There are 2 protein chains.
Amino acid sequence: MKYFIGIDIGGMSLKTGVVDTGGRILQKETCRTNPDRPHGEIIKDIFELCVLAAKNAGLSQSNIAGVGIGSPGTVNPEKGLITFSGNLNFKSVKITEEFKKHWDIPVAIGNDADCAALGESQFGSGSGSKNSITITLGTGIGTGFIIDGKIFTGKDGEGAEGGHTAIKLGGQKCGCGQKGCWEAYASATALINQTKLAMRKNPESLLCAVAAELGKVSARVAFLAMKKGDKTAERVVKNYIRYIGAGIVNLVNIFRPETVIIGGGVSNEGAYLIDSLQKYVDKNSFGGALNTVPVIKQASLGNDSGIIGAAALIMKQTS
Amino acid sequence: MKYFIGIDIGGMSLKTGVVDTGGRILQKETCRTNPDRPHGEIIKDIFELCVLAAKNAGLSQSNIAGVGIGSPGTVNPEKGLITFSGNLNFKSVKITEEFKKHWDIPVAIGNDADCAALGESQFGSGSGSKNSITITLGTGIGTGFIIDGKIFTGKDGEGAEGGHTAIKLGGQKCGCGQKGCWEAYASATALINQTKLAMRKNPESLLCAVAAELGKVSARVAFLAMKKGDKTAERVVKNYIRYIGAGIVNLVNIFRPETVIIGGGVSNEGAYLIDSLQKYVDKNSFGGALNTVPVIKQASLGNDSGIIGAAALIMKQTS
């Protein structure tokens, strides 16, 4: 049996996991990132966390066949480079080369959202499909594209920004500076804004009571109030689902994948959300039922998708 | 020297050309399609046109290393199948198999817009770039994606419908039945509609005089009237260019290609159009100048792109 280590670098925490060829995590270790440090210190911590994970899994370093790294920001996998990562203060860091100074082992690097997509595609909800898109509905919208079993990112890892495609040109302002991006309509943040607007316009709606109970207006408020029979909440949710659906249809018409995987906090709404999106895509994608409509699924690896995906990255390169 | 034959099947005419490995056409032959006939008759005509082209190029059939076919509609290249083509009355036609009954030679098949994209990518304006998008602005909007030198169409050739991605959800009605598609804003047909609307609202504008001179409202009217200094025409053109640009930015943010090639009738507006689009994409694509912005170019192969691209298809498969 071969073993790999997947590394998920985040602005808050560093995570490493020993992963087998079936995508199962044997052992996980984690520590704080403290991102303001020089990058050399962070890379040394990552290395030490890898050694610890191997040891606690009952393995020696020689049992590990390779290491995969998932990083936020723009990553150039061919050059082993983190070009830019706001969360990390990393600029043009040759992470592959620097990691190998500590441990001379095959190392692969990818963007964290792309690694998550690869993880879901290989060992999660996309398992068995060669072409899948993983959409993460969180603060923003992340999109990871798997084509023919491989991560697709466009030139120098600068593409795959599906969240920043206009679905309503000139519409809602987006964090990227443009107006009308999908992210500005269908992220969790957008749902929160849509919920707040509905609360102001309909102070009598259950939205307000539910938000008061939760102590804040979260992305869950509209879904919870709808389940209690509130009509305003139902309108907010249906409209929001239409926004998510419209962006999915755009991607389906271009990529025509076999599977579309929905992750991120909003995906916890589960069957109701997934079924509604499936209906929308069935009805609205180009050619309708004449063409092959992809299956919409909820992501299944949760927070481990980054570790498992990073491990999958190096598995592919060393197989 | 190896020679190939490229075949461009159209609803009006069948075109074949003998093409060398440099993408040059040595000899072209053409005949009417008469698309209402049984498909067997059309395929026999295509074969005979190939033989004629080879003969008139001074070659024997044994000098031809392979045949590439570009067809409108949905094509499944792996199965050698034309799934559906409205223009041709073809349904589930095993064209590779049927062609080989006449001539047992390597045969490749692709969608005609994809072949044109491959032709431009290999031997036209995209020459030298591994990743390019060819956008055809005509009656509709065709999009052909070349990733790593190969045509990308999504599962079973059913993707690559960039014209049918919403840029204004719920907006202008599109021929596909949806509202707000890029095609409904940025095709030549859309420009004609936008010109007509401006003429009705501004009967004093030069648009009306130019249209009267041409005898119709074509896609050229707005560009011509703008060049004569008409302000209404300038507004129409600038708005139209923004619509084209917005769709290009969406594709750039996802694919981040090296080159974007503009073809179709509208592309004859040349430098003014191309330069304006370049400025739009430079300014509005994700990450702006921090990322690699693709070069926008006018298509260079004209009506021969289909023949040359179909030949390029089989060159790739036999090399």
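Every chain is numbered from 1 and lettered A, B, ... according to where its sequence line falls, protein lines coming before strand lines. Please read these numbers as outputs of a predicted model, since none were measured by experiment.
The most heavy-atom pairs under 4.5 Å with chain B, out of A:Thr83, A:Thr74, A:Asn291, come from A:Asn291. Counting heavy-atom pairs closer than 4.5 Å to chain A, the top-ranked of the candidates B:Leu251, B:Asn131, B:Asn253, B:Thr153 is B:Asn253.
For an aromatic pair to be called close, the ring centres must be under 6.0 Å apart, and A:Phe255 with B:Phe145 fails this.
Heavy-atom proximity under 4.5 angstrom to chain B picks out A:Arg242, A:Tyr243, A:Ala246 from residues 238-249 of chain A. Residues of residues 160-178 of chain B placed with any heavy atom under 4.5 Å of a heavy atom in chain A are listed by number as B:Ala160, B:Glu161, B:Gly162, B:His164, B:Thr165, B:Ala166, B:Ile167, B:Lys168, B:Leu169, B:Cys176, B:Gln178.
Pairs passing the salt bridge (Lys or Arg N to Asp or Glu O under 4.0 Å) check and including a residue from residues 137-160 of chain B, sequence neighbours excluded, read B:Lys130-B:Asp148.
Using a 4.5 Å cut-off between heavy atoms, A:Tyr185 does not touch chain B at all.
Not a single side-chain hydrogen bond (donor to acceptor under 3.5 Å, both in side chains) links A:Asn76 to another residue, sequence neighbours left out.
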Test side-chain contact (heavy atoms from CB on, under 4.5 Å) on A:Leu290 and B:Phe84 and set out the steps. CA-CA 10 Å; A:Leu290 283 177; B:Phe84 173 76; 5.9 Å; no

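Side-chain atoms of A:Ile254 and B:Thr143, non-hydrogen and from C-beta on, never get closer than 4.5 Å to each other.
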